[in-house]
Amino acid sequence: MPDNAYRFARFQLRRTRGPLIFRAQCEVCEELGPQAATGDAAMMWVVLHRWDHPDHELFRELSSTPYRVAPR
Ligand SMILES: [Zn+2]
């Protein structure tokens, strides 16, 4: 397990073994695509979004990491 942790006064947050979750986000209107297991799958949403908004040209791939509260 990676050593990723955030330490606070009363507890810490430690990286869990759970998978990353990926999403695409339009940087023009901030709309989010659905959660996906891979970046490739998440970014397919850009195709659909551009059908409705062909002038939106800036996107972001978001990946989220699961954490669990643990005592210090
Ligand atoms: Zn947009």
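Residue numbers run from 1 in the order of the sequence given. From a predicted model like this one, the values you see are computed outputs, not experimental measurements. Both counts, for ligands and for their atoms, begin at 1 and track the order of listing.
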*Asks:* First locate atom CG of Leu62, then atom CD of Gln25, and finally report the distance between them rounded to the nearest 0.5 Å.
*Replies:*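 These two atoms lie 5.0 Å from each other.
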*Asks:* According to a 4.5 Å side-chain heavy-atom criterion applied to Ile, Leu, Val, Met, Phe, Trp and Tyr, with indirect links allowed, do Tyr6 and Val69 form part of one hydrophobic cluster?
*Replies:*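 Yes: a chain of side-chain contacts under 4.5 Å links Tyr6 to Val69.
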*Asks:* Applying salt bridge (charged side-chain N to carboxylate O under 4.0 Å, His left out), can you list everything that pairs with Arg50, at least two apart in sequence or on another chain?
*Replies:*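 So Arg50 forms no salt bridge (charged side-chain N to carboxylate O under 4.0 Å, His left out) with any residue.
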*Asks:* Quick one: which residue pairs count as a salt bridge (Lys or Arg N to Asp or Glu O under 4.0 Å) with a foot in residues 58-70, not counting sequence neighbours?
*Replies:*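 Of all non-adjacent pairs touching residues 58-70, those that pass salt bridge (Lys or Arg N to Asp or Glu O under 4.0 Å) are Glu27-Arg60.
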*Asks:* Which pairs, with at least one residue in residues 35-48 and sequence neighbours excluded, count as a side-chain hydrogen bond (donor to acceptor under 3.5 Å, both in side chains)?
*Replies:* none
*Asks:* Which protein atoms of type N, O or S are found under 2.8 Å from the Zn ion (ligand 1)?
*Replies:* Cys26 SG, Cys29 SG, His49 NE2, His56 ND1
*Asks:* Between Phe59 and His49, how do the two ring planes meet: parallel, tilted or perpendicular, split at 30° and 60°?
*Replies:*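 Perpendicular, since the angle between the ring planes exceeds 60°.
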